[in-house]
Trainee: 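Pasting in a structure now, in structure tokens, and then I'll have a few things to ask.
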Number of protein chains: 2
Amino acid sequence: MSTNSKQRVDPRITRTKKLFKEAMISLLQENDDKSKVTVQKLANRAELNRATFYLHYQDIEDLMEQMVNEVLEELSGKINPVFGDHENTGTLPIVSFLEHIYDHAVLFQVMLENKDFRRKLFNILVEIISIRREIKKGSGTSVKVPIEIVASSTFGIVTWWIQSGTPYSPIYLADQINLLYRKNINAQGNTVKKG
Amino acid sequence: MSTNSKQRVDPRITRTKKLFKEAMISLLQENDDKSKVTVQKLANRAELNRATFYLHYQDIEDLMEQMVNEVLEELSGKINPVFGDHENTGTLPIVSFLEHIYDHAVLFQVMLENKDFRRKLFNILVEIISIRREIKKGSGTSVKVPIEIVASSTFGIVTWWIQSGTPYSPIYLADQINLLYRKNINAQGNTVKKG
DNA sequence: TTATTAATTGATACTGTGTCAATAAAGTAT
DNA sequence: ATACTTTATTGACACAGTATCAATTAATAA
């Protein structure tokens with residue numbers, strides 16, 4: 001590689017960006033007064049100067065975009081390695097997906113306000129489902145419903161689950177989703193009901 | 001009644017409110033430059049004075065709230081009368097629901113940006129589904145999946161359908177939704193496949 | 001220690017908010 | 001048609017937030 005992948009970054013930058021991101025999450029949680037997030041408020045909450053914000057971000061959209069990408073890259077990182085070996089570990093990608101969200105429930109709840117986040121989360125789900133369908137294709141199970149229907153309905157369930165404060169366990173939710181699509185096995189791989 | 005339900009309203013008010021609502025929809029459609037809607041822009045688009053806006057609305061939130069309620073009251077009006085006689089007409093509430101959205105696709109597409117609108121649309125779906133379940137309860141069909149799962153997955157599908165520009169017909173979509181929940185009849189009431 | 005880089009400060013021009021009093025225009029009623 | 005009432009416009013106001021400076025202070029890296 002021509003560039004060092006771990007260029008040392010000034011710790012002040014790391015600190016400042018982290019503080020602004022935490023401030024953003026903190027402000028987004030205050031849905032009570034429909035708190036419009038402003039650079040002023042972010043700077044106050046982060047206990048940094050307003051001008052400092054502009055040293056790192058173009059505007060609030062820019063900060064939000066970076067946060068969205070970081071959150072979803074971490075999620076994808078948890079899913080993708082599993083694609084190859086989920087037959088070994090017995091953990092379905094959808095379960096890894098739900099477990100990661102479950103472990104970062106507050107973060108995902110506030111991020112769901114962002115349209116771009118929702119779009120990208122949907123795309124990750126489409127990926128998970130299409131890979132699953134690819135595997136199932138050879139196994140004789142006929143696919144009846146268009147993938148957009150399956151993906152969007154799953155997305156609806158997951159969105160509801162996050163917004164409701166993740167009331168079910170990831171395993172239970174995965175089972176319910178599978179039940180919905182007549183996959184009569186539970187998330188652990190055990191047969192629930194004969195077809 | 002003590003009050004006349006049709007108090008005559010100054011035509012200038014009707015006209016002004018209509019112009020502001022149209023201006024709002026017009027601005028919301030311009031997602032290209034992430035157009036933040038401002039009172040300034042609304043007044044320009046409506047070809048009215050900025051101060052006039054404040055004669056009718058507290059702020060932009062207030063305008064949006066009124067629009068959301070009007071749109072969804074009209075939708076509810078199309079659904080509710082059907083509850084009683086859908087066995088006569090053969091039209092399921094979910095089909096009336098989808099048909100109304102289909103006929104006002106652009107309006108619903110822009111309104112979906114609003115969180116309150118999404119919440120209320122979801123609640124209408126919950127109502128439709130719970131009434132349907134009430135009917136099915138006596139017919140021996142066992143209900144396997146929690147209603148929140150059914151409602152949120154349906155909401156996901158409908159949301160996707162609206163955002164994608166309503167690519168399927170209401171009847172086809174209703175069929176797909178029913179297929180998903182193992183209701184083996186199509187929206188016209190014909191048997192599609194034996195259980 | 002000494003460059004170097006980041007953060008703060010105070011200033012700036014700009015856009016948008018929400019409200020007002022005064023005036024013009026449109027609708028209602030006789 | 002006239003007088004009365006309500007709505008809309010205009011220009012002004014104080015205020016809050018944006019995005020960008022140049023100059024200064026503080027922290028980091030060599």
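Residue numbers start from 1 in every chain, and the chains themselves are labelled A, B, ... in the order their sequence lines are given, proteins ahead of strands. Here the structure is a predicted model, which means the values were calculated and not measured. Hydrogens, waters and symmetry mates play no part in the numbers below; they use all other heavy atoms, side chains included.
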Trainee: Give a yes/no answer on whether the side chain of B:T16 brings an N or O atom under 4.0 Å of OP1 or OP2 in D:dA8.
Mentor: yes
Trainee: What is the distance from CZ of A:R8 to P of C:dT4, rounded to the nearest Å?
Mentor: 17 Å
Trainee: Distance check needed: C:dT8 C1' versus A:L55 CG, whole Å only.
Mentor: 10 Å
Trainee: Nearest nucleotide by nearest heavy atom, which residue falls closer to the 5' end of DNA chain C, B:I60 or A:R15?
Mentor: A:R15
Trainee: Please determine whether a side-chain nitrogen or oxygen atom of A:N49 lies at a distance below 4.0 Å from atom OP1 or OP2 of C:dT9.
Mentor: yes
Trainee: Under 3.5 Å, is there a donor-acceptor pair between the B:H56 and B:K17 side chains?
Mentor: no
Trainee: Where does the angle between the aromatic ring planes of A:Y102 and A:W161 fall among parallel (under 30°), tilted (30 to 60°) and perpendicular (over 60°)?
Mentor: parallel
Trainee: What integer distance in Å separates A:K36:NZ from C:dT17:C1'?
Mentor: 13 Å
Trainee: What is the separation between atom CD on A:E47 and atom P on D:dA26, rounded to the nearest whole Å?
Mentor: 18 Å
Trainee: Starting at the 5' end of DNA chain D and moving along, which residue's nearest nucleotide shows up first, B:I13 or B:R50?
Mentor: B:I13
Trainee: We want to know whether B:Y57 and B:E65 form a side-chain donor-acceptor pair, criterion being a heavy-atom distance below 3.5 angstrom.
Mentor: no
Trainee: From CZ of B:F53 over to C1' of C:dG16, roughly how many Å is that when rounded to an integer?
Mentor: 13 Å
Trainee: Grab the OH-P distance between A:Y57 and C:dA6 for me, whole Å please.
Mentor: 14 Å
Trainee: Using modelled atom types only, decide if a donor and an acceptor are shared between the side chain of A:S169 and the backbone of A:Y172 within a distance under 3.5 Å.
Mentor: yes
Trainee: Just N and O in the side chain of B:Y54: are any of them under 4.0 Å from OP1 or OP2 of C:dT19?
Mentor: no
Trainee: Taking only side-chain nitrogens and oxygens of A:H56, does any of them come within less than 4.0 Å of OP1 or OP2 of C:dA7?
Mentor: yes
Trainee: Would you mind reading off the distance between B:Q40 atom CD and C:dG16 atom P, rounded to a whole angstrom?
Mentor: 5 Å
Trainee: Expressed as a whole number of angstroms, how long is the span from A:E61:CD to D:dA19:P?
Mentor: 10 Å
Trainee: Look only at the side chain of A:K21 and the backbone of A:L63, and say whether a donor-acceptor pair between them is shorter than 3.5 Å.
Mentor: no
Trainee: Is it the case that D:dA27 (base atoms only) and A:R12 (side chain only) share a donor and an acceptor within less than 3.5 Å, ignoring hydrogens and angles?
Mentor: yes
Trainee: So what does B:D10 touch, heavy atoms closer than 4.0 Å: a base, only the sugar-phosphate, or nothing?
Mentor: sugar-phosphate
